[in-house]
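Below: one structure, written as structure tokens.
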Protein chains: 2
Amino acid sequence: MTPPAPLHLSLAGQAVDVLREQVLTGEIPTGSRVNEVEVAQKLGISRGPLREAIRHLASEGLLTLVPHRGAFVPDASPEDVRALFELRTALECAAAELAASRRTDVDLVRLQDVCAESRRNYTAGQPFPYRLDLAFHQTLIEAARSPYIAEQVRLVQQRVVLLRSALDDDPPHQHASLDDHDELVRAIADGDAARASTVMRRHLSRVCAQMITSLTH
Amino acid sequence: MTPPAPLHLSLAGQAVDVLREQVLTGEIPTGSRVNEVEVAQKLGISRGPLREAIRHLASEGLLTLVPHRGAFVPDASPEDVRALFELRTALECAAAELAASRRTDVDLVRLQDVCAESRRNYTAGQPFPYRLDLAFHQTLIEAARSPYIAEQVRLVQQRVVLLRSALDDDPPHQHASLDDHDELVRAIADGDAARASTVMRRHLSRVCAQMITSLTH
DNA sequence: AAACTGCCAACTGTCGACAGTTGACATGTT
DNA sequence: AACATGTCAACTGTCGACAGTTGGCAGTTT
């Protein structure tokens, strides 16, 4: 029996969740400003907790703060995307290596399951749900069992989601991603850390390039 | 002429700087609690800005927040140190690779300068100033020219400083670190990314082990 | 004496109001 | 007409006060 564990989060905590959702879904559009009094009223809280929520999201990179001007939903240049993916690559390649050397059998099964479900959704001709891509990377991170890396990956993933102007992944790219995922799982199954890292790097390089082109068009 | 550029930081910003200094220097000892009203009075500000400062430092990992209890200076188990160094290794190995492929000649000169000054201070028999170790890694990061990685490295470095219970690096370890640094610079000078990464990994592995033993004694 | 219960002080979480700054518009000037 | 200046509304930065929760202590029970 866990200790009580605050049944309701603090107002600031709730505000963080609501705002994060609104930012990530685009309900608060890119480039727009977050008005403190307005949003506070809309959430039914005062400005204090809302300010803390805004600061928190800013620390996650989901908002940028301008002194005396307020908080804005950031938009990214191609150069930003490239730099962000350098970070993501560093983190996820390390995670892939660790996963290859630490994975349990149930980790492996989970990864294979996600890949299988991805393929099922893909061959069904439906638009490949980004949800499954996230699930794959999430599962891989858990297999790496490195909490600090996991936390940073989560934050970077969020920023990537924020930049995803487009669900408009083209099928060829999706197909390549599925193959990458499968190859990653095989490398991890073999405990081949070097190959896992190499494949992850190639995978993310492709995703980055795809994202940049879809941003500039 | 840059625009006015807030001559005085916000009170919250100032509080962040003061508190960070106090936490990192140990003026606020590990495990102790930060009393909001007390510290607010001491800093001559109200609780609002101080709370924002505390939240900010918590997001940097320099404080941990406990609901309804307050903010504490965290202490780390050996397992924490290991996990933290997995993150640091991921980031700095990537930085070393990038530095090897992007470094300019002036980057190289800077790195060599830091190494030279380190050796001067070492052979002089003085306790090797941690300052110079930080300077080396900082210079390397700048040579990598990857802003997001740089920012994360800065945060991790801070947390490492927080855990440095000891300036008590033993000379043999220091000597090995100096050699590592020199070898890193050579790899970067040669543009050998793979070797730079390998050396960095070995270097951080050694530092991590040393830090764990000095924590447990 | 050990354990449980009820109370209390201290502190965090939250609120509403005031003060200072910013960008924009209107007015006046060359 | 273009530019400089003065004015203003909107918003952020900050403050002091109130409310709810937590951990500890005193008193009671077994």
Side-chain angles (χ1 to χ4, degrees), chain A residues 1-20 22-23 28-75, chain B residues 1-20 22-23 28-75:
Chain A
M1 204 69 71
T2 57
L7 203 48
H8 23 248
L9 232 42
S10 69
L11 294 187
Q14 293 176 256
V16 166
D17 291 340
V18 173
L19 279 183
R20 174 160 38 214
Q22 291 186 350
V23 169
I28 302 178
T30 296
S32 73
R33 193 170 64 83
V34 177
N35 185 317
E36 291 186 359
V37 297
E38 181 185 330
V39 175
Q41 284 183 344
K42 188 161 291 187
L43 296 183
I45 64 178
S46 95
R47 280 180 56 214
L50 178 62
R51 278 176 69 91
E52 289 182 3
I54 289 174
R55 300 307 212 268
H56 185 91
L57 291 178
S59 80
E60 290 189 358
L62 262 41
L63 292 174
T64 61
L65 265 36
V66 182
H68 293 286
R69 293 287 325 277
F72 297 80
V73 181
D75 58 345
Chain B
M1 204 71 70
T2 57
L7 202 50
H8 25 248
L9 229 44
S10 69
L11 293 187
Q14 294 176 257
V16 166
D17 291 340
V18 173
L19 278 184
R20 175 160 36 215
Q22 292 187 349
V23 169
I28 302 179
T30 296
S32 74
R33 193 170 64 82
V34 178
N35 185 317
E36 291 185 359
V37 297
E38 180 186 329
V39 175
Q41 283 183 344
K42 188 160 290 187
L43 296 183
I45 63 179
S46 97
R47 282 179 55 217
L50 177 62
R51 278 176 68 90
E52 289 182 3
I54 290 174
R55 300 309 212 262
H56 185 89
L57 291 178
S59 79
E60 290 189 358
L62 262 41
L63 292 174
T64 62
L65 265 35
V66 182
H68 294 284
R69 294 287 324 278
F72 297 80
V73 181
D75 58 346

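Reckoned from all heavy atoms, side chains included, excluding hydrogens, waters and symmetry mates. Bear in mind the structure is a predicted one, so any value in this text is a computation, not a measurement. A note on names: the letters A, B, ... follow the listed sequences, proteins ahead of strands, and every chain is numbered from 1.
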Run the salt bridge (Lys or Arg N to Asp or Glu O under 4.0 Å) test against Arg47(B) and tell me which residues pass, sequence neighbours left out. Glu36(B)
Nearest atoms (heavy-atom pairs only) where Ala53(A) meets Ala12(A): CB-O, 3.7 Å
So, taking the atom named NE2 in His68(B) and the one named OG in Ser10(A), what distance separates them when rounded to the nearest 0.5 Å? 7.5 Å
Heavy-atom distance under 4.5 Å between the side chains of Val39(A) and Leu19(A), does that happen here? yes
Shorter than 3.5 Å, N or O on both sides, protein versus nucleotides 9-11 of chain D: list them out with atom names.
| from | atom 1 | to | atom 2 | distance (Å) |
| --- | --- | --- | --- | --- |
| dC11(D) | OP1 | Asn35(A) | ND2 | 3.0 |
| dC11(D) | O5' | Asn35(A) | ND2 | 3.3 |
| dC11(D) | O3' | Arg33(A) | NH1 | 3.1 |

Residue among Leu50(A), Leu57(A), Leu62(A) satisfying side chain to side chain contact (heavy atoms under 4.5 Å, CB included) with Val16(A): Leu57(A)
Between the protein and nucleotides 15-17 of chain D, which nitrogen or oxygen pairs are less than 3.5 angstrom apart?
| from | atom 1 | to | atom 2 | distance (Å) |
| --- | --- | --- | --- | --- |
| dC15(D) | OP2 | Ser46(B) | N | 2.8 |
| dC15(D) | OP2 | Ser46(B) | OG | 3.3 |

Got a second to check how far Arg33(A)'s CZ is from Thr64(A)'s OG1, nearest 0.5 Å? 12.0 Å
Would you give the length of the straight line joining atom CZ of Arg20(B) to atom CG of Leu63(B), rounded to the nearest 0.5 angstrom? 10.5 Å
Quick one: pull up OG1 in Thr30(B) and CZ in Phe72(B) and give me the separation to the nearest 0.5 Å. 13.0 Å
If the helix axis at each end comes from five base pairs, how far does the helix from dA1(C)-dT30(D) to dT30(C)-dA1(D) deviate from straight, to 10°? 10°
Ile54(A) side, atom CD1; Glu52(B) side, atom CD - distance, nearest 0.5 Å: 9.5 Å
Just verifying a value: how many Å separate Arg51(B) CZ and Ile45(B) CD1, rounded to the nearest 0.5 Å? 12.5 Å
Provide the closest heavy-atom pair for Gly61(A) versus Pro74(A) in the form atom of the first, atom of the second, distance. O-CG, 3.9 Å
Kindly state each residue pair satisfying salt bridge (Lys or Arg N to Asp or Glu O under 4.0 Å) with at least one member in residues 65-74 of chain A, sequence neighbours excluded. none
Contacts to DNA chain C from residues 50-60 of chain A, heavy-atom cutoff under 4.0 Å, which residues? none
